[in-house]
Structures are given as C-alpha cells and as structure tokens.
Amino acid sequence: MKEPFKALKITENVYWVGAVDWHLRDFHGYSTERGTTYNAFLVVGEKVALIDAVKAPFADEMLSRIASVVPPDRIDYIVSNHAEMDHTGALPVAIQTANPEKVFASVKGAQALDAHFHDGAEITPVKDGETLSLGNMQLTFFETRMLHWPDSMFTFLDSGGILFSQDAFGMHLASAERFADELDPSVLEFEAAKYFANILTPYAGLVAKQLDKTMALNLPIEIIAPDHGPVYRRDLNWILERYAQYAAQAPTTKVVIAYDTMWDSTARMALAIAEGVVDGGGRVVVFEMGKAHRSNVATALLGAGAFVVGSSTMNNNMLPSIADILTYARGLRFKNLVGAAFGSYGWGGEAVKQIQESLENMKIDLVDEGIRVNYVPTHDDLARCRELGERIGVRLVENAKG
Ligand code: FEO
C-alpha cells in the first residue's frame, strides 16, 4: 500500500520529508497568514541521514514521507541543526522509530535538546567544521551561533552542494510547491522580509558576520535548503542579497506611524503627520494598532528611517495595544531610526512621555518634544502635526542623500 504522504526529490540523493502546516496563524506572536512548512530532509547515501525534524503533531506525516523512500529504521544518523521545537518536537519519535546509530547537534544544541526533552537521548556534539562521512558523500557542520539561537548550525552536503540552513533564509509560507522558482516572487519578497524582521533582526549584526564567514569558505553551494518555506535551487543570490540588505538596516525615507485612538483624535493627528511626511518627500505606512498586527509593523520597520508612535492616554497610561507594539519592537532592536511621539488626552496626558521613554530605550533618536493635544485637535493642532511629519520627511530625504 502506498504511503499517504510522499517525499519530494530535491536532488538525486536528497528528499524533502517535512510537513506543511496550512493553518498556522500565530508563531509565538508573529502572524502567519500564509501558514508555514517545517522542512526536514533525508540524505540517502551509503549511510542514510535525516536532517532536522518537524513540529510534534506532524511526526506521522514526516515518518510517512520518509517511508515513501526508505523504511525509517534504515536511518543511520539524525542531525539536529536547531533545537527549537518546530524542528525538534518530532525528534524523540524519530529517534524511537529509527533507532539511529547517532544523533548529532552542535555543542550548545546537545545541551539544549537535553534541556527540552529530558529523555536521556544520547546526542553527539559536533564542532565547527567537523565532518561526517555517509560513505559516498560527506556532511560538514558549521556553527552559526545566534542565527538565531545559540545552538544553531548549518550542515553542508558535498553531493549536490546543499546547504541545510535551518531557520536562516526561511519564511513562513505553506505551499504545495517546494522550490522558490515555482512561487510568486512578490509573495516571497514580502514573506522573506517578514521572517527576517520578526525573527532575525535582534541579531542582524551577527547575521552579517556569520554570512560573511560562511561565504568566505567558498563552499560550492548549489542549493539552499532552509527549515521553513521554499528551497532555493536557482538564483541563490536573490535571497543572499536580501539578507545582506536586511542585515545592514540602512535607513530609508520610509516613516512607520503606529497609533491607537479612543475617540479618533489621535487618529486624526496620525493622518496629519502622515500627510506631512509625504509633503516632506518621505514615504509613509500607517498602522492603527487596534486593527493591525504587531508583526506587520515589524516588517515595515525593517529598512525604515523613522518610527512615530501615538496613543491616547487612558487611566494614566498609553493604550495597551501601544504598549504591545513598543515591547515587541524593543525586543527586535531595530537600528538607525529617528522617532517622535504624539497623542490626545483628557487630563493626565502621560502617554506621550511614556512612549518617548520607550523610544529612547530603543535608542531611537527623538526629533521632537512630542505633540500632546487636549481632547480634540484644532485646525492649528493638526497643522502642527503635519509640520512634524514634514520635518521628519525632509530629514530622511537629506539623510538618504548622505
Ligand atoms: Fe523555526 Fe527557530 O525555529
């Protein structure tokens, strides 16, 4: 009888044996409107190796795909490139089913797997540059610490030149197609940036260094196979160039305005600021945080030049949706931004100051003392808001000229 799930051939000796999660809509706070994939790969040499696993509920799907190529107990080695549970949840089941000779992870990975599963499974730690022979082909392991966990590593297969890059170069995108060249480029463009912005931005400096280090090895890379989303087999520079650009976080003339409002006053201020940005020559994206998702704001902040945040004051505080986006953005540690705060209030008016403190904690350079409006903005108040936007737009245009 045929297996219900089938492996997909990547090269002569390598198969995709992962899982498609069509329905995932939240990845610990990151909205995944297009679902995701958990990619695992089976390398069939004289020895058989499984590279990474899938999230726990998809263990049967992965094992079925493996069984469509070889019986799972033919697996000699399992390599875990990254300990996060979307790639290791099914690892204990895979180990139990395959009973491999050895399971490999980086030194930090071996510690992390033990701290996750507490099952006494023996994990063999591998060092940066260590190799593993599969008889007629060879795997090489490269530590990629903080890309994006301390345990992260890449595995390179010499046969076919495949770089198994775990989360790096990935994106949350469920699809029946397995290769990037089969998918809509505009979707790839958005989802690749969204993934970087929401997962990798805090380590952008390290990402640039790690990628330089990997590229300096001059590995004959023909295919990049991440753990989420499509595999790159043509035009690898498409994703490599984007990563270099994302990591640089060079400021542009784009202004991101995020606000929330109680009775529309702060909303009107936001729109007047946006109008001014455009007058000043900048570009602008506006998010009302009662309706927008934090992870889409983060995507817009990647490569932005300014972050302008507004909130009404409620019970002596900024609105909870604004506290949410500020906390999220602070964790992502965006660089090279200027900013400002604004908001309407009835009596206390603390929100603007609280936002300013938060922006300063993010090392965002404030360009204004902040605009506070009592209750409903007048014509002149809105003109002040427009003028603030214009000043920011002009400043970003001048910065862009260098
Ligand atoms: Fe896809 Fe860091 O896990």
Side-chain angles (χ1 to χ4, degrees), residues 16-41 50-59 61-62 78-92 94 104-117 123 141-155 163-175 178 180 188 191-204 206-207 210-211 214 224-232 239 243 246-247 295 298-299 302 328 331-333:
W16 175 85
V17 291
V20 184
D21 190 347
W22 293 98
H23 308 300
L24 185 80
R25 290 295 177 269
D26 179 85
F27 189 86
H28 50 60
Y30 165 167
S31 69
T32 50
E33 290 90 351
R34 291 189 169 101
T36 196
T37 63
Y38 312 109
N39 298 337
F41 300 94
L50 174 68
I51 313 285
D52 291 326
V54 297
K55 200 170 166 181
F58 297 88
E61 183 175 333
M62 178 183 74
I78 298 180
V79 175
S80 172
N81 279 323
H82 176 29
E84 194 161 8
M85 282 197 280
D86 48 336
H87 311 297
T88 58
L91 186 62
F104 299 95
S106 68
V107 174
K108 291 273 183 198
Q111 293 164 2
L113 290 174
D114 184 50
H116 274 76
F117 299 111
I123 312 291
F141 307 112
F142 298 102
E143 276 186 1
T144 56
R145 282 191 191 186
M146 301 319 293
L147 186 56
H148 71 123
W149 275 19
D151 57 83
S152 302
M153 68 174 189
F154 287 174
T155 296
L163 185 69
F164 299 103
S165 61
Q166 39 94 23
D167 282 340
F169 312 119
M171 66 181 73
H172 287 312
L173 174 62
S175 63
R178 295 277 71 80
L188 300 182
E191 296 298 344
K194 183 168 184 177
Y195 192 86
F196 191 100
N198 285 277
I199 302 284
L200 293 167
T201 308
Y203 316 108
L206 291 169
V207 170
Q210 275 297 353
L211 294 182
T214 306
I224 296 177
D227 273 357
H228 297 289
V231 169
Y232 297 88
I239 189 69
Y243 262 56
Y246 302 151
S295 54
T299 310
L302 185 66
Y328 192 69
L332 292 173
R333 303 206 290 267

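FYI, side chains are in, hydrogens and waters are out, and symmetry mates aren't considered; it's all heavy atoms of this structure. Both ligands and their constituent atoms are indexed starting at 1 by order of listing.
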| query | Are side-chain heavy atoms of Thr32 and Arg34 found at a separation under 4.5 Å? | reply | no
Angle class for the [X]/[Y] ring planes (parallel below 30°, perpendicular above 60°, tilted otherwise)?
X: Trp149; Y: His82; answer: perpendicular
X: Tyr195; Y: His172; answer: perpendicular
X: Phe27; Y: Tyr30; answer: perpendicular

| query | Would you call Lys55 and Glu61 a salt bridge, taking side-chain N to carboxylate O under 4.0 Å as the test? | reply | no
| task | Please note down the angle at atom 2 (Fe) of ligand 1 between NE2 of His82 and NE2 of His148, to the nearest 10°. | result | 90°
Taking 2.8 Å as the cut-off, does an N/O/S atom of [X] lie below it from atom 1 (Fe) of ligand 1?
X: His87; value: yes
X: Glu84; value: no
X: Asp86; value: yes

| message | Looking only at N, O or S atoms in Asp167, which is nearest to atom 2 (Fe) of ligand 1? | response | OD2
